[in-house]
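As structure tokens, the structure follows; a few thoughts come after it.
Given the structure is predicted, the values throughout are model-derived calculations rather than measurements.
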Amino acid sequence: MSVRYPPALVGTAKRERQKANRQLRLQELAKEARKEKSKRVLLRSVLGIGAVVALVGIVYLVNRDDGSSVNGETTTTLSTDTPTKPDVSLPATIPTTLVTTVITEGTGEPAKVGDTVSVHYIGVTSADGTEFDNSYDRGSPITVTLGTGGVIAGWDQGLVGVKVGERLQLDIPSDLAYGASGKGNIGPDTALSFVIDVMSITPAG
């Protein structure tokens, strides 16, 4: 025995199924749209974070300018590592005037009177090469403020114009060293020769 439904009821049921299918499809499309929107929001967030990180890096590099900014002053620094202790080439004759010989070129702004310069050095007597002092073995550079008389005149004059990373030799006559009195194991009227590595320069402020 079979049941026959009136054509009107059959058509109504079909339309209801179609309507339900359309609603289901719309729900699925809405869900997909929400997923796509979430992906776009996440992508924009990631890109935004990346842009901020890149901007911070650029600002750091610009402010750094091959040095670091402290209280508005820029300290240009080569490295904290101690350079290899150099040999000193003795001058052909005992120096009677200050002689500056650049062994390795430096970079950046040259040091001026009033600037503070951090250096490693080795010092010998110009006549026979007897070493009397060096900072390399101690592993710690010394700091000099140029033009203040804190060091011998040969250094005060010879370090003006140096650059970070520069290695130079200063051959200094006795009158720009310790003169007629000498000092410690340096005898009177002794000319001195130094090889110096410039580690950092802090401008006068």
Side-chain angles (χ1 to χ4, degrees), residues 65-71 73-205:
D65 191 23
D66 295 325
S68 56
S69 180
V70 180
N71 296 329
E73 300 177 4
T74 299
T75 301
T76 306
T77 304
L78 174 63
S79 172
T80 56
D81 296 332
T82 301
T84 303
K85 181 179 177 181
D87 295 322
V88 182
S89 299
L90 298 183
T93 58
I94 302 301
T96 56
T97 60
L98 175 63
V99 179
T100 301
T101 304
V102 176
I103 301 169
T104 303
E105 294 285 347
T107 59
E109 292 295 318
K112 303 179 292 296
V113 172
D115 291 352
T116 299
V117 182
S118 177
V119 300
H120 274 291
Y121 69 94
I122 177 173
V124 303
T125 55
S126 301
D128 59 12
T130 300
E131 180 182 326
F132 57 84
D133 193 16
N134 87 84
S135 66
Y136 300 93
D137 293 343
R138 294 192 296 271
S140 178
I142 68 167
T143 300
V144 178
T145 300
L146 301 179
T148 61
V151 290
I152 60 175
W155 272 44
D156 247 350
Q157 298 174 22
L159 291 178
V160 173
V162 298
K163 299 179 180 180
V164 171
E166 185 172 314
R167 173 173 281 187
L168 69 153
Q169 179 163 329
L170 295 179
D171 295 306
I172 302 174
S174 62
D175 61 313
L176 295 179
Y178 295 104
S181 60
K183 183 177 181 179
N185 57 350
I186 300 172
D189 300 317
T190 301
L192 305 177
S193 294
F194 295 86
V195 171
I196 298 170
D197 282 300
V198 182
M199 305 302 293
S200 71
I201 299 172
T202 302

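- In terms of heavy-atom proximity, Pro110 sits nearest to Gly161 at CB-O, 3.5 Å.
- Among the candidates Tyr178, Tyr121, Phe194, the single residue satisfying the ring pair (Phe, Tyr, Trp, His ring centres under 6.0 Å) test with Phe132 is Phe194.
- Once rounded to the nearest 0.5 Å, the distance linking OG1 of Thr190 with NZ of Lys183 reads 14.0 Å.
- Looking at Gln157, its side chain never comes within 3.5 Å of a backbone N or O of Leu98 through a donor-acceptor pair.
- At least one donor-acceptor pair under 3.5 Å links the side chain of Asp156 to the backbone N or O of Gly149.
- The shortest side-chain heavy-atom distance between Thr84 and His120 does not fall under the 4.5 Å cut-off.
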Item to check | side-chain contact (heavy atoms from CB on, under 4.5 Å) between Lys163 and Glu105, intermediate numbers included | outcome: CA-CA 8 Å; Lys163 299 179 180 180; Glu105 294 285 347; 5.8 Å; no

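- Here the side chains of Ile152 and Leu176 are not in contact, with every heavy-atom distance at 4.5 Å or above.
- Between Glu109 and Pro203, every side-chain heavy-atom pair lies at or beyond the 4.5 Å cut-off.
- Put simply, OG1 on Thr96 and CD1 on Ile172 are 13.5 Å apart, with the number rounded to the nearest 0.5 Å.
- For the pairing with Asp171, the side chain to side chain contact (heavy atoms under 4.5 Å, CB included) check across Val88, Leu192, Val99 returns one residue only, Val99.
- Counting heavy atoms from C-beta on, the side chains of Glu166 and Val102 come closer than 4.5 Å.
- Around the CG atom of Asp128, the shell of radius 6.0 Å holds more than 12 heavy atoms that belong to other residues, nucleotides or ligands.
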Checklist entry - When you look at Met199 and Thr143, which way does the side-chain contact (heavy atoms from CB on, under 4.5 Å) test go after all the steps? => result CA-CA 10 Å; Met199 305 302 293; Thr143 300; over 6 Å; no

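- The NZ atom of Lys85 sits 4.5 Å away from the CD1 atom of Ile122 when rounded to the nearest 0.5 Å.
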Item to check | Val124 and Thr130: CA distance, side-chain angles, deciding distance, side-chain contact (heavy atoms from CB on, under 4.5 Å) verdict | outcome: CA-CA 5 Å; Val124 303; Thr130 300; 5.9 Å; no

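- Interatomic distance, Ile94 CD1 to Ser193 OG, rounded to the nearest 0.5 Å: 8.0 Å.
- Checking side-chain atoms of Thr148 against main-chain N and O of Leu146 turns up no donor-acceptor pair under 3.5 Å.
- Here the OG1 atom belonging to Thr145 is positioned 11.5 Å from the CG atom belonging to Leu159, to the nearest 0.5 angstrom.
- Taking OG1 of Thr100 as the reference point, atom CD1 of Ile196 lies at 8.5 Å (rounded to 0.5 Å).
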Checklist entry - Would Leu168 and Val198 count as a side-chain contact (heavy atoms from CB on, under 4.5 Å) if you check the C-alpha gap in whole Å, the side-chain angles of each, and the deciding distance to 0.1 Å? => result CA-CA 8 Å; Leu168 69 153; Val198 182; 4.1 Å; yes

